[in-house]
Every structure is written in C-alpha cells, then in structure tokens.
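Data block below; observations after.
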Amino acid sequence: MERGLIVGIIVEAIITGILTGGVYALMASGLTLVFGVMDIINVGQGALVILGAYLSFFLEQKLHIDLFVGLLITMPVMFGLGLLIEWLFIRPIKRDRTMLSILVTFGVALIIEGFLNIIFSADNVKLQAWYITASFPIGGFYLSYIYVFGFLLAVLLLGGLYFLLYRTKFGYGLRASMQNRIAAELIGVDVERVSMITFGIGVALAAAGGMAFGATNAFNAGSAYDLISRLLAIIIFGGMGSLRGALIASVGMLVVEDVTSVVWSPVWASTVFFILLVIILLVRPQGLFGQVEGRKQ
Amino acid sequence: MHNLFDVSAPVANLLVSFSQYILSLPAGQRPTTAAYATQDDPFTQPQVDTARKLLEQGGVKTASSQVYPSETTDYTPIAQKMIASGAQVIVTGTLLPDIVAYIQAFKQQHYNPQAIIATAGPDQGSQFTNAIGGVKNAEGVYVPNGGWYPSINTFQNAQMVKDFLAKYGGTADSISSDVAEAFAVGQVFQQAATKINSIDNAKLIAELHSGSTYQSVQGPVKFNEQGENILATGYLFQWQKGSLVSVYPASQATNQPEFPKPTWP
C-alpha cells in the first residue's frame with residue numbers, strides 16, 4: 001500500500017477511534033460512576049446498554065420516533081429502572097458489596113437478557129435513521145453523521161454529568177460519598193439516596209450509549225457479553241470511579257485498537273491495547289486517574 | 001471426532017462456486033483484485049482461505065487480507081482497510097453483525113466494489129435486509145449456500161416451508177437458512193433412528209457411518225469418515241430485486257448473476 005494511503009487510513013482510524021471512543025465513554029461512565037459512589041461493579045451494564053438499544057429500536061419501529069428524540073423517553077425510563085434495580089437488588093447487599101455486587105448484577109443481566117430474548121427473539125436487529133448511512137466528505141474520506149452525532153451526544157451528556165457533579169449540591173454529596181461513604185454520612189449526606197440516584201444516572205447513560213451502539217452495530221440480547229468486557233477494561237484503564245478516566249481510556253482504547261488494526265492486523269488490536277493496559281497498571285495499579293486513597297475505607 | 005456429523009456442505013468448499021463464477025467471467029470483465037476479511041472462526045476462515053487460493057491461482061491479486069477475532073465489536077477499521085485497498089471484489093468471512101457493519105461502512109464511504117460476498121448474514125432473510133436498511137441495499141450481494149433455498153425441490157421442503165409460514169408468518173424469502181439446516185439434521189436423525197429402530201448413540205453413530213444415503217430439505221446426505229456430507233452441493237446465491245435467488249452454477253440457477261453489483265442506492 002502506498003505511503004500516502006497508509007497515512008490517510010491512519011488519520012481516518014484516529015478520527016473514527018476518537019468519535020467511537022466518545023460513545024464507549026458514554027457506556028462506561030455509568031459503570032465507573034456507580035463503582036465510585038457505591039463500590040459496586042455493575043457487570044449488568046452491558047445488558048442495560050443492550051436494553052437501551054432495544055428501547056430505541058421499539059420506539060423507532062413501532063412509533064417512528066427519531067433515535068435522538070427517543071432518548072427523551074428512554075433515558076427517564078431507564079433512570080426509573082435503575083432506581084428499581086438499586087432498591088430491589090443492590091441495597092440489600094450489606095457486606096462484601098464489591099464481590100457480591102458482581103454476582104447480583106450478573107443475575108440482573110441474565111434476567112434482562114432472558115426478557116429481551118422472549119420479547120424480541122434472538123434475531124439480530126439494527127437501528128435505522130437517515131444519518132446512519134449518510135456521510136460527508138472531509139480530507140479525502142467520508143465521515144459518517146452517526147459517529148459525529150454520537151460523539152456530540154457523548155460530549156453533551158458527559159458535560160451535563162460533569163456539571164451535575166461539580167456545580168450542584170447533589171454533586172457535592174455524590175463526590176463526598178465517592179471519597180468516603182462513612183464520612184459523608186457523618187456530615188449529613190443521605191448516602192442511600194445519593195447511591196440510588198447515581199445508579200439511576202448510570203443506567204440512564206446506558207440508554208444513550210445503547211442507542212449509539214445499536215445505530216452502529218447489529219445486536220441481539222447476547223451482544224452484551226462482548227460489550228461488558230470492553231467496558232470493564234475501559235474503567236480499569238481509566239481508573240475505577242473516575243469519569244475523566246473513563247473518557248480518556250475509551251478514546252485511548254479505540255484509537256490504539258483502530259490504528260493497530262489498520263497498520264498491523266485486527267488480531268493484534270486488542271492485544272496491543274491489553275499490553276498497554278498491563279504496563280499502565282504495573283506503573284499505576286489504580287489506573288490513569290483512579291484514587292488510591294478514595295478506596296481505603 | 002468420530003461422532004460429529006455435518007448435514008450441510010463442508011464449510012471449506014462453500015465459496016468454491018463464487019470463485020469459479022468470478023474466474024468464469026470473460027477476461028475483459030473479470031476483476032483483477034480482491035480484498036479478504038474474515039473472523040478467526042472455524043466456520044468462516046476455511047471458506048475465505050479456499051476462495052483466496054482459487055482466485056489467486058486464477059490471477060486475481062490480493063489487495064488486502066485480514067483476520068479478526070470473533071469477539072470484535074468495532075468493525076470500522078477493518079472496513080477502512082478494505083476500502084483503502086480499492087479491491088474490485090470483497091470476500092468476507094462473516095456472521096450477520098459484521099457484514100451489516102461492512103455494508104454500512106461501504107455505503108458511508110461511497111465504496112462500490114464489483115462483487116461482495118459474505119459467508120453468512122445475507123442468507124438470514126429479513127434479519128439481514130432490515131439490518132442494512134431494506135432490500136434495496138442488499139441488491140447484488142452474494143452469499144454461498146449449503147444446498148437450500150425456499151423453492152428448492154427437495155425431500156419435504158415444500159411442506160416445511162408451508163408449516164413454517166403457517167406458524168411464524170412472513171414470506172418464504174424471509175426464512176433463514178438456519179431453519180433448513182436444523183430441520184435437515186432432524187430429518188437425518190429421524191431416518192437413521194427409524195432404520196435401526198433405536199436411539200442408542202453408539203448404534204446411531206455406526207448407522208451414520210455405514211454409508212447409507214438419507215434425504216433432507218438440503219438434498220441427499222451421505223457421510224464420509226470425517227462426518228462430512230459428500231453429496232452436499234454448494235450454490236451461489238445473490239440478492240436480486242428483493243429476493244435471494246440461485247445464480248450459479250448455471251445448471252441450478254434460477255437467475256443470471258448480476259455483475260457488476262449496482263452502486264448503493
């Protein structure tokens with residue numbers, strides 16, 4: 001392949017890696033936020049993302065509601081579902097929260113998967129809209145509108161989340177809970193309420209991530225398995241509990257994988273990323289932006 | 001493995017008909033370059049390897065060749081590399097999600113190869129056409145076939161199609177080939193069990209290895225020592241005007257192949 005052509009596809013891989021990374025950040029942000037506040041590893045996040053994708057699919061197919069407009073419905077619905085899951089399954093865990101949460105949320109994922117299979121069957125589906133296959137020329141290649149819109153959605157929602165965390169009273173309580181649950185309770189923060197709302201936010205973000213995922217990938221209920229492994233790698237890389245880490249790790253992972261894929265081989269794409277992850281964890285066991293002190297409670 | 005039997009055609013040979021068709025084109029029309037991408041999967045990769053070998057032997061140069069893990073979820077860079085190669089023929093070893101992603105990427109990038117074939121995905125009826133945004137986007141896409149299509153005149157096929165539509169609705173073209181593959185396994189099992197009047201595993205294995213011929217919706221079935229169906233024939237199918245039709249070999253074809261593939265709508 002010509003040198004100019006190689007440079008071209010590397011640039012293209014970097015751009016699409018950044019844009020796709022934004023969407024993965026959206027999916028991973030809920031996971032990292034929930035861990036930060038609640039010490040919960042929600043391995044059901046992949047299933048919740050797929051559930052979000054199916055809700056968008058339902059609105060698009062049955063009610064002909066645009067995918068982005070549909071988020072005005074799916075995100076509040078998923079927020080409510082998140083509150084319910086927290087109340088039903090997470091809150092009762094009183095000891096070994098981190099370890100037991102893995103089992104409990106895996107159970108939640110299986111329940112969701114089972115319901116999705118019953119309702120939608122195991123057939124693959126994909127979201128449809130004009131902007132999914134439409135594209136515009138930029139520097140010698142075409143950029144798809146869905147990747148741009150998906151990235152802008154991620155920026156908007158993560159920006160909103162940042163505002164919520166750092167500019168509101170609820171955010172102060174949430175961050176206090178992230179730093180030290182017991183101390184937060186002692187100064188009057190209603191940690192149970194904060195936890196429940198945080199879990200709801202995490203699940204609502206999964207709805208947005210699911211819509212973006214379903215617009216770029218064919219999916220069925222089983223698609224959650226490949227997804228959750230990537231999301232867990234992202235939050236470990238970025239530092240568990242760190243929103244900024246989730247964003248940078250998502251973009252980093254996708255760019256590294258995409259560039260490796262086009263320059264070398266797709267077989268090595270994940271391997272190169274995981275080698276990088278191992279090296280970073282050897283140097284910084286808490287990940288890029290993880291807080292060591294925050295976890296000592 | 002002595003006790004594993006495959007009623008469908010041996011996977012490694014499924015793209016032979018496509019390769020033969022491409023090489024049968026007149027010299028002035030025949031593509032000169034091909035790009036390959038396949039999952040690292042025992043079902044897809046042997047097919048693509050065979051196609052590549054045959055096409056290279058026939059003078060079709062390899063512009064790009066990629067193997068990717070089956071757990072891949074981001075297919076964009078793989079598609080980018082195929083597009084950048086500018087290949088005239090795209091041969092992909094896929095299941096449904098990856099060929100859907102490739103078609104989406106090709107359309108986004110306004111990349112129009114002369115022929116696209118996927119080992120699986122386009123044979124999934126409406127699952128495929130709905131996922132790529134309608135049958136108009138499927139026009140000209142090829143898929144190999146292990147020996148079944150809705151109107152094929154084989155043992156009990158008409159009844160199976162009728163029963164399936166009565167139970168699940170839809171049209172004959174929307175029936176996934178997975179249905180026929182699973183049904184054919186049941187037919188062979190039923191015939192073997194009836195013949196020996198037993199469902200004992202050891203006796204069934206011996207019967208299936210005995211060289212007997214069975215009838216199925218996919219055509220006749222006879223197993224060799226490896227459990228491969230030596231009577232299975234692979235056909236080349238193509239989406240044309242909303243239907244998946246048999247186009248090669250000519251003796252089994254209901255339609256002429258559409259070549260080159262029309263540009264994306």
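All heavy atoms count here, side chains included; hydrogens, waters and symmetry mates do not. Below, chain A is the first sequence line, B the second, and so on; all start at residue 1.
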So which part of [X] gets closer than 4.5 Å to some heavy atom of chain B, the side chain, the backbone, both or neither?
X        : answer
A:Tyr24  : side chain
A:Asp123 : both
A:Thr16  : side chain
A:Leu254 : side chain
A:Glu12  : both
A:Trp264 : backbone

Using a cut-off of under 4.5 Å on heavy-atom pairs, state which of A:Val125, A:Ile132, A:Thr20 scores highest against chain B.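 Most pairs with chain B among the choices: A:Ile132.
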
Hey, what's the ring geometry for B:Tyr102 with B:Phe106, parallel, tilted or perpendicular (30° and 60° as the breaks)?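 Parallel: the ring planes of B:Tyr102 and B:Phe106 meet at under 30°.
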
Under 6.0 Å between the ring centres of A:Phe273 and A:Phe237?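 Close enough - the centres of the two rings lie under 6.0 Å apart.
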
Is the CH2 atom of B:Trp264 crowded by more than 12 outside heavy atoms at less than 6.0 Å?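 Atom CH2 in B:Trp264 is packed in, count exceeds 12.
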
Using the ring pair (Phe, Tyr, Trp, His ring centres under 6.0 Å) rule, pick out the option among A:Tyr145, A:Tyr147, A:Tyr142 that qualifies with A:Phe136.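 The ring pair (Phe, Tyr, Trp, His ring centres under 6.0 Å) with A:Phe136 is passed solely by A:Tyr145 among A:Tyr145, A:Tyr147, A:Tyr142.
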
Could you walk me through whether A:Tyr54 and A:Phe219 pass ring-ring contact (aromatic ring centres under 6.0 Å, His included), step by step? CA-CA 9 Å; A:Tyr54 269 115; A:Phe219 62 93; 5.0 Å; yes

Taking B:Phe128 as the fixed residue, which of B:Ile99, B:Asp123, B:Asn137, B:Leu244 is the one that meets the side chain to side chain contact (heavy atoms under 4.5 Å, CB included) rule?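 Single side chain to side chain contact (heavy atoms under 4.5 Å, CB included) partner of B:Phe128 among B:Ile99, B:Asp123, B:Asn137, B:Leu244: B:Ile99.
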
Option in [options] with maximal non-hydrogen atom pairs under 4.5 Å from chain A:
options                               : answer
B:Pro69, B:Gly134, B:Ala101, B:Ala131 : B:Ala131
B:Gln109, B:Glu71, B:Gln124           : B:Gln109
B:Val67, B:Ile132, B:Asn130           : B:Val67

Decide, yes or no, whether a salt bridge links A:Glu257 with A:Arg230 under the criterion of side-chain N to carboxylate O below 4.0 Å.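 Yes, A:Glu257 and A:Arg230 are salt-bridged.
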
Does the side chain of B:Gln218 pick up a donor-acceptor pair with the side chain of B:Thr154 at under 3.5 Å?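 Note: B:Gln218 and B:Thr154 side chains miss the donor-acceptor criterion.
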
Report which part of B:Thr73 has an atom under 4.5 Å of a heavy atom belonging to chain A: side chain, backbone, both, or neither.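 For B:Thr73, heavy atoms of backbone and side chain both lie under 4.5 Å from chain A.
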
